[in-house]
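Notes for the one structure printed next.
This is a predicted model, so every value here is computed, not measured.
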Amino acid sequence: MATRDIRSLDVGMLRTFDALMREGSVSRAARRLFLTQPAVSASLGRLRDTFGDPLFTRTAHGVLPTLRARQLAPQVERLLGDLSQLLEPEGAFDPASSQRIFRIFGGENASHVMLPPLVDELVRIGSGIRVFWETSSFLTVAERLHKGEFDIALIPRQQPPDDCESEPVYDDHHVFVARIGHPAFAHGVTLDSFCAAPHVFLGYGSSALDDQIDAILRGLARERSTRVAMTSLAQIADLLAQSDHVAVMPYRVAHRFGHVLKIMPLPFALPPYRLLACWNKRADADAGVQWIKERLLRFGQAATAPPPLP
């Protein structure tokens with residue numbers, strides 16, 4: 001096989017390859033890289049010329065890597081990691097001059113608390129850093145963190161995970177919420193009224209919280225009525241404010257919507273939890289990841305906790 005000129009390959013092409021491997025879609029890869037779809041397609045064309053292989057074949061649902069692409073993937077991942085370290089002199093990180101893209105996983109309340117001050121700081125220092133914040137299923141986040149799909153994950157847990165590094169951000173607990181003026185809860189919530197009301201839950205898929213609630217109710221020979229699944233806590237709050245549905249929410253989230261929701265203690269005990277900042281151990285040597293982790297911790301820990309329920 002003829003030797004290919006290394007000058008035909010650049011970092012942008014490698015980043016395109018990595019994004020296509022992770023996303024399996026040109027459009028999603030473009031969003032991940034903050035590029036247009038034509039730019040990603042053009043970069044893919046150059047990759048195909050360079051490697052003499054299609055690399056990705058189109059399907060009805062995106063693109064699939066060829067055998068050659070699957071063979072290249074771990075080498076490209078290592079090379080991008082090495083290049084990232086090479087560009088940070090002696091472990092230092094200058095956020096004002098950095099052009100990095102940081103990928104953060106976190107729920108709505110974490111983004112509500114931490115994202116505004118983070119992006120304000122980036123604007124203030126004139127940074128070229130870009131932030132990709134994703135909210136999706138907590139069930140797959142540990143696996144995706146290990147794969148390098150996120151730099152930092154903000155995860156609500158009762159116990160720290162043993163498969164990644166972590167540091168606490170804040171403590172919280174769950175409460176029961178219904179619209180202000182809901183006739184069934186004028187004097188609080190009982191186990192009977194909790195089970196009788198139609199429930200809305202956060203439906204990113206299977207939920208450890210809802211599994212735990214349902215297991216507690218089964219142990220009490222009770223069952224609740226789950227009627228609606230939604231993928232946004234703000235949407236849930238909006239629905240509750242306009243209907244007789246109810247929900248179980250983190251207290252800090254419920255307090256944000258206290259102008260339309262009545263917040264009550266649950267009629268049974270649920271363990272409290274911590275919001276944890278989690279990262280892969282290999283990121284301990286990445287000064288950039290450590291910088292953004294410290295900022296998220298600072299903003300999260302500075303957020304004022306709601307007052308205790310009466």
Is the shortest heavy-atom distance from the side chain of Pro95 to the side chain of Arg100 under 4.5 Å? no
Indicate if Leu276 and Tyr251 have the same hydrophobic cluster label, given that clusters are the connected sets of ILVMFWY residues with side-chain heavy-atom separations under 4.5 angstrom. no
Give, for atom CD of Glu23 and atom CZ of Arg28, the distance between the pair rounded to the nearest 0.5 Å. 6.0 Å
Side chains of Pro198 and Val228, heavy atoms from C-beta outward: is any pair under 4.5 Å? no
Where is the tightest heavy-atom contact between Ser27 and Gln37, given as atom of each residue plus distance? CB-NE2, 3.5 Å
Taking every heavy atom of Ser127 against every heavy atom of Ser98, the minimum-distance pair comes out as OG-O, 4.0 Å
How many angstroms lie between atom NE2 of His199 and atom CD1 of Ile236, to the nearest 0.5 angstrom? 12.0 Å
With side chains defined as the heavy atoms from C-beta onward, is the minimum distance between Phe56 and Leu44 less than 4.5 Å? yes
Kindly give the heavy-atom pair with the smallest separation between His255 and Pro307, and that separation in Å. NE2-CD, 3.6 Å
Flag this pair as yes if the NZ/CZ of Arg252 is under 6.0 angstrom from the six-membered ring centre of Tyr170 and inside a 45 degree cone about the axis; otherwise no. yes
Evaluate Cys278 against Leu145 for side chain to side chain contact (heavy atoms under 4.5 Å, CB included), listing each step before the verdict. CA-CA 8 Å; Cys278 302; Leu145 195 63; 4.0 Å; yes
Which atoms form the tightest heavy-atom contact between Ala142 and Asp163, and what is the distance? CB-OD2, 3.8 Å
Is the shortest side-chain N to carboxylate O distance from Asp151 to Arg103 below 4.0 Å? no
Is Met13 linked to Val11 within one hydrophobic cluster, defined over Ile, Leu, Val, Met, Phe, Trp and Tyr using a side-chain heavy-atom separation of less than 4.5 Å? yes
Checking Arg282 side chain against His146 main chain: does a donor-acceptor pair fall under 3.5 Å? yes
Pair Tyr273, Asp172 - check side chain to side chain contact (heavy atoms under 4.5 Å, CB included), show working. CA-CA 6 Å; Tyr273 70 89; Asp172 205 354; 3.3 Å; yes
Under 4.0 Å between a Lys/Arg side-chain N and an Asp/Glu carboxylate O for Glu121 and Arg298? yes
May I ask whether Ile101 and Val131 are part of the same hydrophobic cluster, defined by side-chain heavy atoms of I, L, V, M, F, W, Y residues being less than 4.5 angstrom apart, directly or through others? no
Is there side-chain contact between Met21 and Val76, with at least one heavy-atom pair below 4.5 Å? no
Quick one: list whatever passes side chain to side chain contact (heavy atoms under 4.5 Å, CB included) with Ser41, sequence neighbours left out. Val26, Arg58
Under a 4.5 Å cut-off applied to non-hydrogen side-chain atoms, are Val169 and Leu296 in contact? no
Salt bridge or not between Arg179 and Asp244? Use side-chain N to carboxylate O under 4.0 Å. yes
Sole residue of Arg22, Arg15, Arg70 in salt bridge (charged side-chain N to carboxylate O under 4.0 Å, His left out) with Glu77: Arg22
With distance as the sole criterion, is a donor-acceptor pair present between the side chains of Trp279 and Asp286 under 3.5 Å? no
Side-chain (Asn280) to main-chain (Ala283) donor-acceptor, under 3.5 angstrom: no
Examine Met230 and Leu240 and state if one hydrophobic cluster contains both, with Ile, Leu, Val, Met, Phe, Trp and Tyr joined whenever side-chain heavy atoms are less than 4.5 Å apart. yes
Output the distance between atom CG (Leu33) and atom OG (Ser43), rounded to the nearest 0.5 Å. 8.5 Å
Should side-chain heavy atoms under 4.5 Å link Ile, Leu, Val, Met, Phe, Trp and Tyr, which residues sit in the same cluster as Phe176? Phe185, Val189, Leu191, Phe194, Leu209, Ile213, Ile216, Leu217, Leu220, Val246, Val248, Met264, Leu266, Phe268, Leu270
Residue pair Ser225 / Arg227, side-chain donor-acceptor N/O under 3.5 Å: yes
pair Pro250-His174: side-chain heavy atoms closer than 4.5 Å: yes
If you count heavy atoms of other groups shown closer than 6.0 angstrom to CZ of Arg130, is the number above 12? yes
Is Leu14 reachable from Leu35 through a run of hydrophobic residues whose side-chain heavy atoms are each under 4.5 Å from the next? yes
Please report the interatomic distance CG(Leu118) to CD1(Ile104), rounded to the nearest 0.5 Å. 5.5 Å
Does Thr66 form a side chain to side chain contact (heavy atoms under 4.5 Å, CB included) with Thr57? I'd like the steps, not just the answer. CA-CA 7 Å; Thr66 64; Thr57 58; 4.1 Å; yes
Any salt bridge linking Glu134 with Arg144? Criterion: basic side-chain nitrogen under 4.0 Å from a carboxylate oxygen. yes
Quick one: pull up CG in Asp18 and OG1 in Thr16 and give me the separation to the nearest 0.5 Å. 9.5 Å
Can you confirm whether more than 12 heavy atoms, excluding those of Arg48, are under 6.0 Å from its CZ atom? yes
Determine whether the side chains of Glu108 and Thr135 contain a donor N or O and an acceptor N or O closer than 3.5 Å. no
Quick check: closest heavy atoms across Lys262 and Gly188, and the distance to 0.1 Å? NZ-N, 4.1 Å
Show, in sequence, the C-alpha distance, side-chain angles and deciding distance for Met114 and Leu297, and conclude whether the side chain to side chain contact (heavy atoms under 4.5 Å, CB included) test is met. CA-CA 8 Å; Met114 300 178 214; Leu297 285 168; over 6 Å; no
Rounded distance (nearest 0.5 Å) linking atom NZ of Lys293 with atom CD of Gln290: 4.0 Å
Any luck finding a side-chain donor-acceptor pair between Gln301 and Glu167 under 3.5 Å? no
Using 30° and 60° as the class boundaries, would you call the ring planes of Phe17 and Phe51 parallel, tilted or perpendicular? tilted
On a heavy-atom basis, the closest approach of Ser232 and Leu202 is N-CD1, 3.7 Å
